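Below is one structure, written out as structure tokens; the observations come after it.
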Amino acid sequence: MSDKYKDISVKQICDVIDMLHPCMDDYVYVYDLQNDYYYISPSAAQRFALPASEFNDVVKNHELFVHPDDIAELKKDLDMITQGKKEFHNLQYRWLSKDKKPIWINCRGFVVSDNGKALYMIGCINEIGTRQMADNISGLLGLSSLKAYFEENFYMMNSGYILRLGIDDFKPINERLGIEYGDMLLKKTADNIANCLYPDQRLYRAMADEFLVIDFANRNVEEALEQYVNIRYSIDKLVEKSRYEAVFTISGGILTSDAYRGCTFSDVMKFSEFALSEAKRGGKNRCWIFNYPAYEKFLKSRRMIQLLRKAVNNDFEGFEAYLQPLFSADTGELYGAESLMRFHTEEFGTVSPNVFIPLLEETCLIIPVGKWMLHKSLELCTEIHKVNPDFKISINISYIQVLKSNIISEILTAVSDYNIIPSTVIIELTESGVLTPDSRVAKLRSRMKEQHISLALDDFGTGYSNFHYFNDLKPDIIKIDRSFTIKAIENDYEFNLLQLMINMAHKMKLRVCVEGVETQQELERIKQLKPDYCQGYYFGRPCPFDEFMNLFVIDKTG
Ligand code: C2E
Ligand code: CA
Ligand code: CA
């Protein structure tokens, strides 16, 4: 079959490739088997780690840009072709991009021969993975088309905006009503969005359930917001028309051109993804406008999570348990200490737990780190017990640990392993954590009671303080948050309120610890409320173990 083309020379084919390549996304090549010479569309040399768009020593040079794991298979196929055992080459394997990233390609080619002698192979290479140009479900162009549009219109990126739209909770719709229904819904959503476009705007489908409105026509952020509201309204109408078979909403992330001027296409996509995810995180069915400080904060917290993960994998290097003293309000004697976590990093110095605890919770890393803190705190407590056997250690436990780990048995095992008298251990749970009644919290509570481990309700006064918790949870101690303490000191009404609360707690046989006492004056005022314990910078800041021993334990006992 291939003898038909034997009179066409390799040189002529190279000329045709040169003519065609600006019109193609794929790459055409010719492999001259007689002269061991290879020529490919010049655009391939820009995209892949090819030595140039033409080279000799073909098989050897392929090693430069073919994924190392795929070379053997490719060589086998090329051997068969050069030996005349095969006429058609059809292989899916990976090339390396200029920055050495693997890219899946499909390479096909056929051999032109003259009387059984293989002259050359001609064929075409296309990228399989990344280049989805259009989407037949929504009828819209895809991301690679958008990228091309951006590159062509780079000079226009100075004006207008990008509005990324995402259907909220699309997955459950697909699961409940089937993929076909989901596809139909996507199509209708795309049509509805398209109806809300201004004539000079473009609409692309970004991924499964996300769409991008591109405005290069100098519209401003108010107009973007107005457009989002129109789209949301039209989606509401769509849901109504479908008789609420699938009830869904749409969120939007706006990126104005002044925020992405001079950025790469991939950055622009990242920014708009971030804007949309913030809209969803804020409660969905809403719009969020991109701004750099928020994005930088987001990047910083991603970086912090990396560092936290690394520290966990590295035997908790960087974590430390600080101790802050608790004093008995009437005798002024040391009652115990709250154990507070610290995270030291080279990059950010010592990071506040208010920053990293939420990240540990978000990633569930609080489970291993909280367990480490539990052990560390008990270990420090055994040291202090050698000098002061009545000393109490108060350990913070996150609600995530209660819900997602076997915290009850971890506490009981640890207390018994360290041979600590259980009544010297206090577990602090935050008020927000116990807002929703949960059987695990109740179980934790009853097992602790059996073992005489105390429970403190932390952060009291910050949330929806409710005396029901006292009854449901039956804590031993209530810790009044500093924000409430300050209000009580500054304001008579709050002072009386706190007084009432403390009296009521005492009636219920609960003890009260007032947190955040910073000065002598504050202490005098707080003392009038007759709490059981006080904690605050006035008595001592959280500090490392050795310092704590020197300041509060050793000197005091002589
Ligand atoms: P928290 O449990 O309410 O801890 C008391 C916080 O108040 C501590 O902040 C402490 O340093 C601070 N504080 C104490 N006295 C004063 C004062 O007089 N004035 C002021 N302005 N602040 C005072 P820190 O150590 O930054 O911890 C913040 C929060 O991080 C803690 O609040 C707690 O919710 C969380 N946390 C700390 N360590 C752990 C831990 O090991 N596990 C869990 N789950 N959470 C922890
Ligand atoms: Ca606490
Ligand atoms: Ca507290």
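Predicted model, so just to flag it, every value in this text is computed and none were measured. Counting begins at 1 with the first residue of the sequence. Both ligands and their constituent atoms are indexed starting at 1 by order of listing.
With respect to atom 19 (N) of ligand 1, the closest heavy atom belonging to the protein is Glu518 OE2, 2.6 Å. Atom 43 (C) of ligand 1 has as its closest protein heavy atom Asn396 CB, 3.5 Å. Pro353 CG, 3.4 Å is the protein heavy atom nearest to atom 26 (O) of ligand 1. Taking atom 12 (C) of ligand 1 as the reference point, the nearest protein heavy-atom neighbour is Tyr537 OH, 4.4 Å. Given atom 2 (O) of ligand 1, the protein heavy atom at minimum distance is Asp458 OD2, 2.9 Å. Taking atom 3 (O) of ligand 1 as the reference point, the nearest protein heavy-atom neighbour is Asp459 OD1, 3.6 Å. Among protein heavy atoms, the minimum distance from atom 28 (C) of ligand 1 is reached at Asn354 OD1, 3.3 Å. Scanning the protein heavy atoms around atom 31 (C) of ligand 1, the nearest turns out to be Leu340 CD2, 4.2 Å.
In this structure, atom 34 (O) of ligand 1 has no protein heavy-atom contact shorter than 4.0 Å. For atom 23 (C) of ligand 1, the protein comes within 4.0 Å by at least one heavy atom. Within 4.0 Å of atom 38 (N) of ligand 1, at least one protein heavy atom is present. Within a 4.0 Å radius of atom 7 (O) of ligand 1, the protein has no heavy atom.
Ring pair Phe290/Tyr295 is tilted by interplanar angle, where 30° to 60° counts as tilted.
Below 4.0 Å from some heavy atom of Ser398 lie the following atoms of ligand 1, by number and element: 44 (N). Less than 4.0 angstrom separates some heavy atom of Val517 from each of these atoms of ligand 1: 18 (O). Under a 4.0 Å criterion applied to the non-hydrogen atoms of Gly536, ligand 1 contributes the atoms 15 (N), 18 (O).
Counting heavy atoms of neighbouring residues, nucleotides and ligands inside a 6.0 Å radius, atom OH of Tyr233 does not exceed 12 of them. Within a 6.0 Å radius of CD in Glu346, other residues, nucleotides and ligands contribute 12 heavy atoms or fewer. Within a 6.0 Å radius of NZ in Lys404, other residues, nucleotides and ligands contribute 12 heavy atoms or fewer.
Residue contacts with ligand 1: Arg482 is placed with a nitrogen or oxygen under 3.5 Å of a nitrogen or oxygen of the ligand (distance criterion only). Considering backbone and side-chain atoms alike, Met373 places every N or O at 3.5 Å or more from each N or O of ligand 1.
Residue contacts with ligand 1: Pro542 is included, with a non-hydrogen atom under 4.0 Å away. The shortest separation from a heavy atom of Glu338 to ligand 1 is under 4.0 Å, placing the residue in contact.
Of the options Leu523, Leu334, Leu326, a side-chain contact (heavy atoms from CB on, under 4.5 Å) to Phe539 is made by Leu523 and by none of the others. Here the options are Phe316, Trp372, Phe319, the test is ring pair (Phe, Tyr, Trp, His ring centres under 6.0 Å), and the partner is Phe343; only Phe319 passes.
Remark: aromatic rings of Tyr322 and Phe548 are distant, center separation not under 6.0 Å.
The Ca ion (ligand 2) is closest to atom OE2 of Glu338 (considering only N, O or S atoms). Residue-level check: among N/O/S atoms of Glu428, OE1 sits closest to the Ca ion (ligand 2).
Donor-acceptor pairing under 3.5 Å is lacking for the side chains of Asn230 and Glu226. Neither side chain, Ser398 nor Asn396, offers a donor N or O lying under 3.5 Å from an acceptor on the other. Side-chain contact of Gln306 with Arg303: a donor-acceptor pair under 3.5 Å is present, judged by distance alone.
Nearest to atom 25 (O) of ligand 1 by heavy atom, out of Gln324, Arg342, Glu515, is Arg342.
With respect to the salt-bridge test (charged N to carboxylate O, under 4.0 angstrom), the residues Glu362 and Arg302 qualify. Under the 4.0 Å criterion applied to side-chain N and carboxylate O atoms, Lys270 and Glu273 are not assigned as salt-bridge partners. With respect to Lys376 and Glu379, a salt bridge is recorded, a charged nitrogen being found less than 4.0 Å from a carboxylate O.
Between Asp458 atom OD1 and Glu515 atom OE2, the angle centred on the Ca ion (ligand 3) amounts to 100° (nearest 10°).
Residue contact annotation: Asn396 places an N/O/S atom under 3.0 Å from the Ca ion (ligand 2).
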Test log, rule side chain to side chain contact (heavy atoms under 4.5 Å, CB included), inputs Ile162 and Tyr260: CA-CA 10 Å; Ile162 293 173; Tyr260 65 73; 3.8 Å; yes
